[in-house]
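Notes for the one structure printed next.
Computed from a predicted structure; not experimentally measured. Residue numbers start from 1 in every chain, and the chains themselves are labelled A, B, ... in the order their sequence lines are given, proteins ahead of strands.
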There are 2 protein chains.
Amino acid sequence: MELPTLADNVGFLLSRTSGLTARTANAALAEYGLRVRQYSVLYLAVDAPDGLSQRELAGVLGLDPSQVVLLVDELAAAGLVERRPSPTDRRTRLVVATATGRQVRGRAARDANSQVRHRLRALSDSEQDTLRDLLARVVRSADADST
Amino acid sequence: MELPTLADNVGFLLSRTSGLTARTANAALAEYGLRVRQYSVLYLAVDAPDGLSQRELAGVLGLDPSQVVLLVDELAAAGLVERRPSPTDRRTRLVVATATGRQVRGRAARDANSQVRHRLRALSDSEQDTLRDLLARVVRSADADST
DNA sequence: TATTGTTATACTCTATAACTATA
DNA sequence: TATAGTTATAGAGTATAACAATA
């Protein structure tokens with residue numbers, strides 16, 4: 001069995017590309033006082049009209065629930081989300097975006113998306129779509145494994 | 001402009017997929033006392049018959065040269081690589097794999113590749129090739145930018 | 001003057017364990 | 001007995017700045 005060169009190693013390429021896009025996104029988000037991890041929590045909160053539990057956030061983001069606590073703390077301190085008691089389970093606290101949070105995420109998302117698309121400009125639009133679909137299938141299969 | 005859901009965001013998917021494959025690779029490499037960063041340095045050293053300068057390693061890996069120093073320190077302490085003076089430039093130290101390093105990287109690479117392929121098994125072989133090619137083009141374009 | 005390797009430092013991210021309150 | 005949230009801690013990864021030796 002012949003070994004490929006490191007430059008042809010999918011894991012290595014994923015790490016490099018992920019690092020590139022994360023740096024790009026963080027640079028775009030700095031204007032809003034956000035980094036990608038906080039931004040991803042805000043993003044999900046905005047898209048969930050009734051909010052999400054921190055457990056749900058951890059699941060979607062692939063993070064440990066203990067990490068989500070700190071991210072929500074920071075977003076709450078910045079006034080972008082708030083924690084509300086769940087009407088059905090007193091253990092659960094729902095993370096809900098504030099009006100400010102919704103505005104910030106809208107502007108931040110457009111800036112970040114634009115910068116990341118530019119970072120990926122070596123790929124055509126349809127190639128970026130292909131990349132997204134391939135990655136999404138890997139993530140879904142991993143999520144299915146851990147269920 | 002309509003915002004996509006986070007699950008359709010290429011940056012987010014890259015981060016998740018990179019994390020998944022890095023964890024998988026680290027688990028496979030633990031048997032050899034390696035982690036992906038150290039492994040990637042060893043990998044390049046093995047493939048360069050006359051060794052590489054730490055500056056070259058940093059360039060290929062997308063790391064800061066100061067980080068490469070520590071990775072080479074660890075590999076040298078484990079007897080997998082050694083630093084040799086460059087015959088042409090007394091500032092430069094060439095990182096060269098030892099015989100042990102070559103053996104270890106061969107076995108480690110086969111284990112890690114096998115595990116990562118399994119982690120990506122939602123994609124067919126040809127889809128994994130497509131993914132690799134798309135990512136490689138992004139990395140090359142970024143490398144060209146910083147030149 | 002510029003480049004190679006190095007040391008140092010601070011910050012972010014990741015991984016785990018343990019605890020509380022509720023279910 | 002299990003689950004949601006939380007606190008704490010340690011280790012790994014990332015980002016910069018500054019310095020000595022050499023080009």
Looking only at side-chain atoms of [X], point me to the closest of [options].
X	options	answer
B:Ser66	C:dT6, C:dA23, D:dT7	C:dT6
B:Arg91	D:dA21, C:dA23, D:dT6	D:dA21
A:Asp89	D:dT7, D:dT22, C:dT22	C:dT22
A:Arg93	C:dT14, D:dT14, D:dG5	D:dG5
B:Arg90	C:dT7, D:dT22, C:dT22	D:dT22

A:Asp111 and A:Tyr32 side chains, donor-acceptor separation under 3.5 Å: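 A:Tyr32 vs A:Asp111: donor-acceptor pair found between side chains.
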Using whole Å, what does the distance between atom [atom2] of nucleotide [N] and atom [atom1] of [X] come to?
X	N	atom1	atom2	result
A:Asp64	C:dA18	CG	P	14 Å
A:Leu70	C:dA15	CG	P	15 Å
B:Arg16	C:dC13	CZ	C1'	15 Å
A:Glu74	D:dT6	CD	P	14 Å
B:Gln67	C:dT12	CD	P	16 Å
B:Leu71	D:dA12	CG	P	12 Å
B:Asp73	C:dT6	CG	C1'	9 Å
B:Asn26	C:dT14	CG	P	12 Å

Is a donor on one side and an acceptor on the other found under 3.5 Å between the side chain of [X] and the backbone of [Y]?
X	Y	value
B:Arg137	A:Ala122	yes
B:Asn26	B:Val36	yes
B:Thr98	B:Leu80	yes
B:Arg119	B:Val116	no
A:Thr92	A:Thr88	no
B:Arg102	B:Val46	yes
A:Arg110	A:Gly106	yes

side-chain N/O A:Arg83 vs D:dA4 OP1/OP2, d < 4.0 Å: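 Checking D:dA4 against A:Arg83, no side-chain N or O comes under 4.0 Å of OP1 or OP2.
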Residue whose nearest DNA chain D nucleotide is more 5′ - A:Val69 or A:Arg23: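 Final value for this comparison: A:Val69.
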Test salt bridge (charged side-chain N to carboxylate O under 4.0 Å, His left out) applied to B:Arg37 - qualifying residues, sequence neighbours left out: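 By the salt bridge (charged side-chain N to carboxylate O under 4.0 Å, His left out) rule, B:Arg37 matches no residue at all.
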For DNA chain D, the residues among residues 52-62 of chain B that have a non-hydrogen atom under 4.0 Å from it: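 Correct list: empty, so none.
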Proximity to DNA chain D (any heavy atom under 4.0 Å), residues of residues 28-46 of chain B only: B:Arg35, B:Arg37
Side-chain ion pair, B:Asp143 and A:Arg16, N-O less than 4.0 Å: yes
Sugar-phosphate only, base, or nothing, as touched by B:Thr92 at under 4.0 Å among non-hydrogen atoms: sugar-phosphate
